[in-house]
Amino acid sequence: MTNQRTAPKSSLSRRNFLLKTATGGAALAASSVSSGLERNPVSPSFEGKITPRKPFILTTWDFGPKANELGFPILSSGGSALDAVEAAINYVELLPDEYWVGYGGVPNEIGETTLDAMILWGPTHDVGAVGCLKRVKKAISVARQVMEKTQHSLIVGGDATRFAVRMGFKETSLTNAVSQARWEEWAAKGEQSDAFAPEPFKEDTLNGHDTVGSIALDKAGNLCVGCSTNGREFKIPGRVGDSPIAGAGAYGDQDVGGAVATGNGDVMMRFMPTYHAVELMRQGVSPENACKAAIKRITDRGYKFGGGMAAIRIDGEHGGAQAGWEDEGFSYSIQTKNVATKFPIS
Ligand code: SD4
């Protein structure tokens, strides 16, 4: 028995229907362009006009320079951007005193630390991600396994842990003395997660949060983008933020460049800001203005949130923007030679 059905020759398959409608849509868009009715004509595509130059690695926040120092030698010795991003992010994930990324930090409402991470490989536009990963330290490496060993793009929760163990990762507690003490202090107050508060239209009251984002281009001109976080403090168990969502926490396009985001992911993921920024760069908007526009899209809707973005084109042009973080010290660092340069965003 076969489950293949032969469609009558005259019938319009769903695929053909979609193709026809898409073509119709394109024709419609083209005619409205020539009618001069559009208010904001899309600038001519910049794609194809951007040529990859020398290898670079960009990493966000204060851990950026050190992370780049580990990633850049991989690039300068002819290694892949994928290995460079993984090495840079692993460095931050395994820092013993880093509370916001990796183990030993940001417990959820019931005192457990869980991790979100994703990686995107430019040449194939393949993505791997984990959300709410428990009891495994190197979230970005598990995300890489999702990308390389499976057809899936995102695996979550206890099943992500099971997948990691199946791929050979060690299961271990993500709690340390700092995260335990911080959670006990908070739990003693008998509060519930601040995620039950009203949406942040007046002010962003949420507890601490942070993410490492990294973008690299290798000598072969291949782009890789990744990010990793343990989300926001005292989140509701099961919460997955923006970081493992392609286009939200991070995004890249092999022909254009990449963007990474950090901040209130519960708000930011509603707007796909990194996708937005990369698409604007494709149209010729500078990385800085692309980040500003992506953030403005969120604030224009009335949200008061804290967040930052950094973006870099494959030709090395870069920029960033932030909202509500004038005094947070958000920065990104870039390394193209021996030393990383830090770019504060205020
Ligand atoms: C999240 N965006 O899970 C992350 C946290 C973060 O700066 O980046 N904070 O919401």
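All ligand and atom numbering here is 1-based and tracks the order in the structure.
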message = A side-chain contact here means heavy atoms from C-beta on lying under 4.5 Å apart; do Glu148 and Asp126 qualify?
response = no
message = With side chain to side chain donor-acceptor pair (under 3.5 Å) as the rule and sequence neighbours excluded, what pairs involving residues 110-124 come up?
response = Thr114-Lys235
inquiry  = Applying salt bridge (charged side-chain N to carboxylate O under 4.0 Å, His left out) as the test, list every pair that has at least one member in residues 89-98; sequence neighbours left out.
reply    = none
query = Relative to the heavy atoms of Gly231, which atoms of ligand 1 are at a distance of less than 4.0 Å?
reply = 3 (O), 5 (C)
query = Judged by non-hydrogen atoms, does Arg239 sit under 4.0 Å from ligand 1?
reply = yes
task = Determine whether any heavy atom of Asp242 lies closer than 4.0 Å to an atom of ligand 1.
result = yes
key: Nitrogen or oxygen of Thr262 less than 3.5 angstrom from that of ligand 1   = yes
ask   = When only distance counts, is Gly265 in polar contact with ligand 1, meaning an N/O pair under 3.5 Å?
value = yes
query = Counting both backbone and side chain atoms, is some N or O of Thr211 under 3.5 Å from an N or O of ligand 1?
reply = yes
ask   = Going through the distances and angles, do Ile57 and Ser214 end up as a side-chain contact (heavy atoms from CB on, under 4.5 Å)?
value = CA-CA 7 Å; Ile57 181 161; Ser214 195; 3.8 Å; yes
query = Between Phe271 and Tyr303, is the gap from one ring center to the other below 6.0 Å?
reply = yes
inquiry  = Is there a polar contact between ligand 1 and Ala261, counting only N or O atoms under 3.5 Å apart?
reply    = no
ask   = Is the number of heavy atoms from other residues, nucleotides or ligands within 6.0 Å of CD (Gln151) greater than 12?
value = no
Trp325 and ligand 1 - part of the residue with a heavy-atom distance under 4.0 Å = side chain
